[in-house]
Amino acid sequence: MIALERCGGFWTARITRPERANALTPEMLERLCEIAEDAQEARALVLTGEGPVFSAGADLEAVRTGLATSPLWERLSAAIAALPGLSIAALNGTAAGGALGMVLACDLRLAVPGARIFYPVMKLGFLPQPSDPVRLARLVGPARAKMILLAGQKVPVEEARDWGLVDRVVPAEALLPTARALAADCLGAEAAHVRAIKALIP
């Protein structure tokens, strides 16, 4: 349910469970972790989904057996954040719950019109993964982070772009081409040069 395409240094990991809104199981999270950890030599890693939703977060059946508090979420976001290449979340639709962690860990975020971003931890009675509020507040500021985490707001990506949570809103047909275009300079450079420049950015 996770498809990986490698085209030279350009890697695309796609969540392919559209019939369940790309809800993530432990096995899917494990596979995403493996991809992110293996992508050290990739110049760019793009995360996207199949269908109208990027990911609804944790699979509800798996939540009942402890997935909501699994260390896999932090393992995944840490692996993405540590990538020496460019990481891009290409949101083909709404991103919700724990799936937001990998989105926040990426360097850039693209989204299609009409998608929403939300993290219903208050409503569901779970704590967010430890690094998620930090990354969220770094992008949008403390008050807007509280709008999402405490007030449970479902933020349209057009508004999220104004906040700095989404970098560009592009038509669905342009989503992956835009990601590829943004990665072009990294793809044309040596991996060590990409790594060195990224390391200079706090």
Side-chain angles (χ1 to χ4, degrees), residues 8-13 29 32-48 54-55 57 71-91 95-111 115-119 121 127-151 153 155-170 175-176 178-202:
F10 189 75
W11 292 27
T12 304
L29 273 176
L32 285 167
C33 288
E34 291 170 355
I35 290 170
E37 289 163 355
D38 288 345
Q40 293 301 304
E41 292 306 312
R43 307 293 197 281
L45 173 64
V46 176
L47 301 174
T48 192
F54 172 73
S55 176
L72 287 171
W73 301 100
E74 279 291 290
R75 178 183 162 192
L76 175 56
S77 61
I80 294 168
L83 282 174
L86 181 66
S87 55
I88 302 173
L91 304 181
L100 198 55
M102 68 178 107
V103 175
L104 294 169
C106 284
D107 298 313
L108 301 175
R109 283 154 292 278
L110 311 175
R116 294 185 296 175
I117 292 175
F118 60 102
Y119 204 151
V121 283
L127 289 174
Q129 298 305 314
S131 64
D132 293 353
V134 176
R135 292 192 177 107
L136 181 59
R138 190 181 299 145
L139 287 168
V140 304
R144 285 169 172 164
K146 291 170 187 174
M147 286 279 283
I148 292 173
L149 295 173
L150 295 176
Q153 293 300 289
V155 183
V157 293
E158 293 81 4
E159 184 174 3
R161 177 186 55 201
D162 295 338
W163 289 8
L165 181 53
V166 168
D167 298 296
R168 288 186 183 170
V169 177
V170 298
L175 186 64
L176 291 182
T178 300
R180 178 83 188 206
L182 289 170
D185 283 2
C186 290
L187 294 172
E190 294 294 328
H193 190 56
V194 176
R195 183 182 300 113
I197 290 180
K198 186 169 177 178
L200 295 173
I201 304 171

Locate the shortest heavy-atom distance separating A99 from W73; write the atom from each residue and the value.
N-CZ3, 3.8 Å
Compare all side-chain heavy atoms of D132 with those of V121 and state whether any distance is below 4.5 angstrom.
no
For the residue pair A105 and R135, what are the closest heavy atoms and their distance?
CA-CD, 3.9 Å
Using the rule given for side chain to side chain contact (heavy atoms under 4.5 Å, CB included), can you reason through M147 versus V140, listing the C-alpha separation, both sets of side-chain angles and the distance that settles it, and then say yes or no?
CA-CA 10 Å; M147 286 279 283; V140 304; over 6 Å; no
Give me the atom names and distance for the closest heavy-atom approach of G85 to K198.
O-NZ, 2.6 Å
Is there a side-chain contact between I201 and D107 (heavy atoms, below 4.5 Å)?
no
Count the heavy atoms belonging to other residues, nucleotides or ligands that lie under 6.0 Å from CD of E41, then report whether that count exceeds 12.
no
Gap between atom CG of L29 and atom CE of M102 - 0.5 Å precision:
6.5 Å
Is R43 reaching over with its side chain to a backbone N or O of A183, donor-acceptor style, under 3.5 angstrom?
no
Atom CG of D162: over 12 foreign heavy atoms under 6.0 Å
yes
Would a 4.5 Å heavy-atom cut-off, applied to side chains only, mark S77 and L104 as touching?
no
Where the side chain of Q153 meets the backbone of A151, is there a donor-acceptor pair that is under 3.5 Å apart?
yes
With side chains defined as the heavy atoms from C-beta onward, is the minimum distance between L47 and I35 less than 4.5 Å?
no
With a 4.5 Å limit on heavy-atom distance, are the side chains of W163 and I148 in contact?
yes
Separation between CZ (R180) and CG (L175), nearest 0.5 Å, reads 14.5 Å
Side-chain donor or acceptor of R109 paired with backbone N/O of V103 under 3.5 Å
yes
Distance, nearest 0.5 Å, that separates SG of C186 from CZ of R195
12.0 Å
Is R75 salt-bridged to E34, cutoff N-O under 4.0 Å?
no
Please report the closest heavy-atom contact between I88 and A179, naming both atoms and the distance.
CD1-O, 3.6 Å
Looking at D167, V166, T178, which one forms a side-chain contact (heavy atoms from CB on, under 4.5 Å) with L108?
D167
Min side-chain heavy-atom separation V155-L165 under 4.5 Å
no
Rounded to the nearest 0.5 Å, what separates atom SG in C106 from atom CG in L83?
8.5 Å
Answer whether the closest heavy-atom distance between the side chains of V157 and R116 falls below 4.5 Å.
no
Return the minimal non-hydrogen interatomic distance between A160 and I117, and the atom names on each side.
CB-CD1, 4.3 Å
Side-chain contact, heavy-atom cut-off 4.5 Å: L86 with V194?
no
Any donor-acceptor pair under 3.5 Å from Q129 side chain to G98 backbone
no
Heavy-atom closest pair (L76 atom, A36 atom, distance to 0.1 Å) is CD1-CB, 4.3 Å
